[in-house]
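Here is the structure we will look at, set down as structure tokens.
The residues of the chain are indexed from 1 along the displayed sequence.
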Amino acid sequence: MPHSRHFLLLALFVAISFTSARGSDPQTVAGDMLLKAFESQGYVGLELQRLKSGYLSTTVGIGEYQLHMMIEASQAATSLDRIRTQGIGLLWEADGDPARAAVRAADSCLIASMRLTPSTSIRVRACPEDLSDINKHLGEFGDPHLDGVIGGDLLRSRAAIIDFSRLRLYIQPTGAVPSLAKGDVVRNRLALKGYDCIDLARDHQGFLTRAVKVDSIDLTLRLYTGSPSTWLDVIGTKAKGIRWKSDVDPAVQRGEEYDSCRIESLKINSFATSSIHAWPYYWSGDTTSAKKPGQASFDGMLGNDLLVAHGALIDVARQRLFLRPLAED
């Protein structure tokens, strides 16, 4: 959702200080036994980079070119910045696919071979996305600019697992989801390390979501790996009883007032954590009503601050999230 991503950049400077304080040093999970568990299931690993701004990214190859890509499990379609990739010789064409048209203009390009690892290449169709705004802000952090976004379509097609602690993206070269006939090897290995397995849902816009309790209040949050920080809808959550306070954003320094919220307790089944700083989101019109009959609304987004701090792993194909409690929780 590029329009909301641009909105989130407005408070990125302030949010990043809390993100860094809560989980700047990756927690090591499992060790060699977990890696062997992935390998026994046929996964291959792709190195990820955590940018200073909090995003996860990786490098892929198209022909002789190396492209810097953000990892975004909740974005429906993989995308490329047309201006930054114009020298590659990609052919952009009319595309009537409604899944991609819902995210971008209805045109796309077919990439016959995108190299994820030296031995793993895939065929993928990408949509256009203007990344100039986000690249401007990344540059102010000293981060390298992005050429595109690896979206949920590619991640699902390769049964990907995103490992926030080891900074690895595990993929299936053939795209086959490993059978559980002989047991859930990865889940069992993580359980030995104290991880909770949390089932996720996917809403009508393609986002992974989860019902949670925030300070004993029932909310539905989207899992947004493209955000460095956790966000809550101010208007909608105030109506449900979440307490907010007004403050002045020192990064803007123009006197505007912004709300902020300190979450004292967040619970998902048996998993619990505390003391999370939530940032304001003013899309109440999008969150207070379902877009289709029977579809749940959402109240905010779980960002990389919480995912990093709890050594998260996201199993995209099976729609589940693994989190480990902090020692102080």
Side-chain angles (χ1 to χ4, degrees), residues 4-5 7-25 27 53-55 74 164-165 194-196 198-201 203 207-251 257-284 286-288 296-314 321-329:
S4 59
R5 182 185 299 135
F7 172 83
L8 298 181
L9 286 168
L10 294 176
L12 185 57
F13 282 106
V14 181
I16 197 64
S17 63
F18 287 88
T19 302
S20 299
R22 187 139 175 97
S24 57
D25 293 323
Q27 299 180 44
S53 50
Y55 296 104
S74 291
F164 282 76
S165 184
Y195 276 79
D196 288 300
I198 300 165
D199 291 327
L200 303 171
D203 68 15
F207 287 88
L208 294 171
T209 66
R210 175 67 206 195
V212 305
K213 281 191 177 293
V214 173
D215 295 340
S216 300
I217 297 171
D218 292 324
L219 301 179
T220 297
L221 301 183
R222 285 176 168 176
L223 193 67
Y224 189 28
T225 59
S227 171
S229 305
T230 293
W231 300 74
L232 293 179
D233 173 66
V234 177
I235 298 174
T237 57
K238 275 185 176 179
K240 294 184 177 183
I242 297 294
R243 290 172 294 179
W244 290 81
K245 67 177 182 178
S246 295
D247 58 6
V248 177
D249 182 347
E257 289 190 352
Y258 289 89
D259 290 317
S260 63
C261 173
R262 174 65 67 176
I263 297 173
E264 299 301 331
S265 172
L266 186 148
K267 295 183 178 180
I268 313 174
N269 290 347
S270 60
F271 172 82
T273 189
S274 61
S275 192
I276 303 169
H277 191 95
W279 293 94
Y281 195 66
Y282 291 94
W283 265 23
S284 184
D286 189 33
T287 62
T288 55
S297 60
F298 75 103
D299 301 290
M301 298 174 284
L302 286 177
N304 290 352
D305 50 355
L306 183 142
L307 299 175
V308 170
H310 292 277
L313 292 94
I314 303 173
L321 169 67
F322 296 95
L323 293 175
R324 184 175 65 179
L326 291 174
E328 63 264 28
D329 282 341

ask   = What are the two closest non-hydrogen atoms of Tyr224 and Ser74, and how far apart are they?
value = CA-OG, 4.1 Å
key: Residues Ser227 and Trp279: side-chain donor-acceptor under 3.5 angstrom   = no
task = Check whether any side-chain heavy atom of Cys261 sits under 4.5 Å from a side-chain heavy atom of Ile242, and report yes or no.
result = yes
query = In Å and rounded to the nearest 0.5 Å, what is the CE to CH2 distance from Met301 to Trp231?
reply = 7.0 Å
request  = Answer yes or no: is there a side-chain heavy-atom contact under 4.5 Å between Ile314 and Phe322?
outcome  = no
query = Under 6.0 Å from the NZ atom of Lys267, do we count more than 12 heavy atoms belonging to anything else shown?
reply = no
inquiry  = For a quick test of reading the model, state the closest non-hydrogen atom pair linking Tyr55 to Asn304 and the distance between them.
reply    = CA-ND2, 4.1 Å
key: Atom of Glu264, atom of Asp215 and distance for their closest heavy-atom approach   = N-OD1, 2.9 Å
task = Side-chain contact test, heavy atoms from C-beta onward, threshold under 4.5 Å: evaluate it for Thr209 versus Asp203 and give yes or no.
result = yes
ask   = Which class fits the ring pair Phe298 and Tyr281: parallel under 30°, tilted 30 to 60°, perpendicular over 60°?
value = tilted
inquiry  = Under a 3.5 Å cutoff, is there a donor and acceptor pairing between the side chains of Asp305 and Ser229?
reply    = no
ask   = Do you see a donor-acceptor pair shorter than 3.5 Å between the side chains of Thr230 and His277?
value = no
inquiry  = Distance check, rounded to the nearest 0.5 Å: Phe207 atom CZ versus Leu221 atom CG?
reply    = 13.0 Å
ask   = Do Leu323 and Thr273 touch side chain to side chain, with heavy atoms closer than 4.5 Å?
value = no
message = Using every non-hydrogen atom in the two residues, find where Arg262 and Ser275 come nearest and quote the distance to one decimal.
response = NH1-O, 3.3 Å
key: Leu321 and Asp199, any side-chain heavy atoms less than 4.5 Å apart   = no
request  = Locate the shortest heavy-atom distance separating Leu200 from Arg210; write the atom from each residue and the value.
outcome  = CD2-CB, 3.9 Å
message = Just verifying a value: how many Å separate Ser265 OG and Ile217 CD1, rounded to the nearest 0.5 Å?
response = 10.5 Å
query = So, for Ser53 and Pro228, which heavy atoms are closest and what is the spacing to 0.1 Å?
reply = O-CG, 3.0 Å
ask   = Got Lys213 and Leu219 here, is their nearest side-chain heavy-atom distance under 4.5 Å?
value = no
query = Taking the six-membered ring for Trp, are His310 and Phe271 ring centroids under 6.0 Å apart?
reply = yes
task = Drop me the distance from Thr237's OG1 to Asp299's CG, to the nearest 0.5 angstrom.
result = 7.0 Å
request  = For residues Leu232 and Ile263, determine if any side-chain heavy atom of one lies less than 4.5 Å from a side-chain heavy atom of the other.
outcome  = yes
Side-chain touch Asp196/Asn269, heavy atoms, less than 4.5 angstrom = no
